[in-house]
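The structure under discussion appears below in the form of structure tokens.
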2 protein chains.
Amino acid sequence: MADGRRGGGAVQSVERALDLLEVLAAAPDEMGVTELTEATGLPGATIHRLLATLLSRGYAHQDPVTRRYSLGSRLVRLGGSAGRRFGTWMRPWLVELMELSGETANLAVLEDSHVVYVAQVPSRHKVRMFTEVGNRLLPHTTAVGKVLLAFRPREVTGAVIARNGLPGRTGRTITDAGRLYRELEQVARRGYAVDDEEEEEGVCCIAVPVFGPDDAPAAMSVSGPTSRLGPGRRQRILPRMLRVSADASAALLSAGDPARRGDRHP
Amino acid sequence: MADGRRGGGAVQSVERALDLLEVLAAAPDEMGVTELTEATGLPGATIHRLLATLLSRGYAHQDPVTRRYSLGSRLVRLGGSAGRRFGTWMRPWLVELMELSGETANLAVLEDSHVVYVAQVPSRHKVRMFTEVGNRLLPHTTAVGKVLLAFRPREVTGAVIARNGLPGRTGRTITDAGRLYRELEQVARRGYAVDDEEEEEGVCCIAVPVFGPDDAPAAMSVSGPTSRLGPGRRQRILPRMLRVSADASAALLSAGDPARRGDRHP
DNA sequence: CAGCCTATTCCACATGGTGGAAGCGATGCG
DNA sequence: CGCATCGCTTCCACCATGTGGAATAGGCTG
């Protein structure tokens with residue numbers, strides 16, 4: 001095995017193909033073969049061959065005129081199926097969150113600088129939350145968003161903020177970059193984030209991370225009217241939320257083998 | 001080359017990995033290695049190795065207790081990026097549709113038995129359409145949905161219908177399977193579909209397919225109030241829509257092949 | 001507790017993937 | 001207008017890499 005540092009037996013060409021997809025996903029627009037060469041360190045011929053394979057299956061797209069590459073439409077459908085599936089096997093944890101808090105529980109991921117809600121378990125209250133599955137919100141206004149940002153390298157955070165700006169949604173939204181960075185640091189240290197009417201008046205939200213094999217975490221939250229989620233109640237709920245967070249992460253990371261123990265949480 | 005029948009130079013292990021992802025996406029729930037063996041014809045060891053690679057990157061997920069596999073969370077984000085990108089390079093065609101019809105143009109794909117809107121170019125009318133990007137609707141109630149179904153094998157269509165049923169949305173929704181099948185045949189023959197207030201009262205929609213390297217087509221549509229999209233106007237718009245459909249498909253299919261270059265005509 | 005079925009690991013082999021270098025086609029420059 | 005350049009694509013000999021049959025481990029079932 002050429003790349004001995006990677007875990008177990010991994011298929012080189014598949015890994016490289018995935019690398020390509022990820023580089024393409026991260027890029028703001030289309031990329032040429034040479035750019036990909038620089039980004040991945042692979043020889044052009046190899047990249048071309050890999051791309052040809054992805055191309056023929058619709059996983060990559062090549063602009064007919066510029067000949068540059070980007071992600072293909074096939075991934076849209078796959079992503080949708082994956083989201084549905086992801087929501088399904090995260091459901092037990094969401095249910096747990098909903099039951100321990102009595103409020104609606106959400107699952108979200110960071111996608112193209114936006115927070116996207118992937119699954120939800122609604123509370124039984126008459127007054128419930130509004131976010132719908134599939135909704136896209138800005139990270140800096142939401143608790144899940146702050147969690148998703150807090151556990152990524154600073155440069156990613158910076159890119160996201162540069163792209164979105166920090167528009168205010170309510171009087172309490174954090175619109176100052178310095179303050180946001182301080183808050184994110186705190187979130188990373190504490191392991192949770194709170195949104196106290198920063199996205200919507202009267203709505204409060206508490207979020208915790210879920211770490212998986214993916215380098216970016218997902219986030220789970222509970223959200224409800226501020227009247228029901230005051231500081232006192234939050235203090236009571238939080239320890240149990242953190243515990244669920246850790247449990248869910250452990251479940252995701254254990255791929256059935258006790259050999260690999262990559263603990264990632266603070 | 002052992003497998004000479006496949007187009008050009010494709011990387012075997014990558015193709016197989018993609019096969020696995022697609023099988024997992026198509027399955028209603030998690031799958032074991034043996035099921036995958038049957039579905040793909042690959043030996044168990046090979047599948048296992050491929051899955052290990054996908055697993056370690058978050059592209060597949062293994063339930064810690066049942067040890068069965070499904071799609072991983074990483075694909076959710078990738079899919080999102082891909083959707084955004086897909087919408088971006090389809091935009092010229094959508095703009096063309098919007099301009100030739102004066103109505104809002106949409107791009108949609110079939111995803112997990114649902115129609116999902118991926119991109120949109122809004123019309124300049126004050127009264128516009130309602131579908132939002134990311135929205136999920138049932139195929140049988142929409143023009144795009146009918147297009148997406150019409151160009152897939154009968155068994156896929158059947159599975160989708162079996163899963164969703166044929167709930168009515170308005171008095172005009174097609175709720176009879178026989179009638180739907182006849183309509184789909186007509187759609188396939190004519191190359192377009194119409195939704196005449198079948199999804200929403202007062203809203204009419206015309207859709208055409210876009211064929212790419214992916215075996216499933218996408219669909220583009222224009223939608224607006226019935227008052228503006230009566231039979232007469234539809235007849236005038238349709239030929240041009242079909243032309244855009246063909247042009248867009250040609251553009252998608254020519255992957256670096258110096259075949260057809262569809263110049264746009266304002 | 002034995003039998004069976006499924007996931008996982010192992011390993012010798014040769015197939016399939018690799019990448020340096022040569023071809024092309026398109027822009028840009030003189 | 002033709003020559004130079006640059007980046008995408010194709011070729012091919014080599015051998016690292018992925019392959020898959022068979023052995024192992026683990027978990028249910030009867």
Can you tell me how far P of D:dG27 sits from CZ of B:R68, to the nearest Å? 16 Å

Any donor-acceptor pair under 3.5 Å linking the side chain of B:T53 with the backbone of A:V11? yes

Checking A:E30 now: which residues fulfil side-chain hydrogen bond (donor to acceptor under 3.5 Å, both in side chains) with it, not counting sequence neighbours? none

Taking A:V222's backbone N and O only, do any of them form a donor-acceptor pair with A:N106's side chain (distance below 3.5 Å, no angle check)? no

Residues that B:R136 engages under side-chain hydrogen bond (donor to acceptor under 3.5 Å, both in side chains), provided they are two or more places apart: B:E111

Interatomic distance where CD belongs to B:Q12 and P belongs to C:dA14 [whole Å]: 16 Å

Quick test of your reading of the model: are A:R240 and A:E96 salt-bridged, counting only N-O distances below 4.0 Å? no

Less than 4.0 Å between a side-chain N and a carboxylate O, is that true for B:R67 and B:D63? no

Just the rounded figure in Å: distance from P of D:dC8 to CD1 of A:I47. 10 Å

In whole angstrom, what separates A:E15's CD from D:dA16's P? 19 Å

When rounded to whole Å, the CG to P distance for the pair A:L54 and D:dT9 reads 13 Å

Can you tell me if A:Y69 touches the phosphate of D:dG7, counting only side-chain N or O atoms and a distance under 4.0 Å to OP1 or OP2? no

Assert: residue with more 5' nearest nucleotide on DNA chain D, out of B:P43 and A:G44, is A:G44

Taking the basic N atoms (NZ, or NE/NH1/NH2) and the acidic carboxylate oxygens, is any pair closer than 4.0 Å for B:D19 and A:R57? yes

Salt bridge check, B:D29 against A:R85: does any charged N sit closer than 4.0 Å to a carboxylate O? no

With respect to the phosphate group of D:dT19, does any side-chain polar atom (N or O) of B:R16 fall under 4.0 Å of OP1 or OP2? yes

Determine all donor-acceptor pairs shorter than 3.5 Å in which one atom belongs to a side chain in residues 33-42 of chain B; sequence neighbours excluded.
{"from": "B:E35", "atom 1": "OE2", "to": "B:G32", "atom 2": "N", "distance (Å)": "3.1"}
{"from": "B:E35", "atom 1": "OE2", "to": "B:R68", "atom 2": "NH2", "distance (Å)": "2.1"}
{"from": "B:T37", "atom 1": "OG1", "to": "B:V33", "atom 2": "O", "distance (Å)": "3.0"}
{"from": "B:T40", "atom 1": "OG1", "to": "B:L36", "atom 2": "O", "distance (Å)": "2.7"}
{"from": "B:T40", "atom 1": "OG1", "to": "B:L42", "atom 2": "N", "distance (Å)": "3.3"}

Per the atom types in the model, does the base of C:dG17 pair as donor or acceptor with the side chain of A:R49 at under 3.5 Å? no

Specify the separation, in whole Å, of atom CG of B:D19 and atom C1' of D:dT19. 16 Å

Any pair with a residue in residues 71-91 of chain B that passes ring-ring contact (aromatic ring centres under 6.0 Å, His included), sequence neighbours left out, goes on the list, sorted by first then second residue, please. A:H61-B:W89, B:F86-B:W89

Rounded to the nearest angstrom, tell me the gap between atom CG in A:L20 and atom P in C:dG17. 15 Å

Let's see if you get this right: which residues in residues 30-42 of chain A place a heavy atom under 4.0 Å from DNA chain C? none

When you measure from the side chain of B:Q62, which nucleotide among D:dT9, D:dT10, C:dA7 comes out closest? C:dA7

Counting only side-chain heavy atoms from C-beta out, which of D:dG21, C:dG17, D:dC11 sits nearest to B:V11? C:dG17

Which angle, rounded to 10°, do you find between the first-five-pair axis and the last-five-pair axis of the helix from C:dC1-D:dG30 to C:dG30-D:dC1? 40°

Which nucleotide in the list C:dG20, C:dA7, D:dT19 gets nearest to the side chain of B:L50? D:dT19

Upstream residue (5' side of DNA chain D) when A:H48 and A:S13 are each assigned their closest nucleotide: A:H48

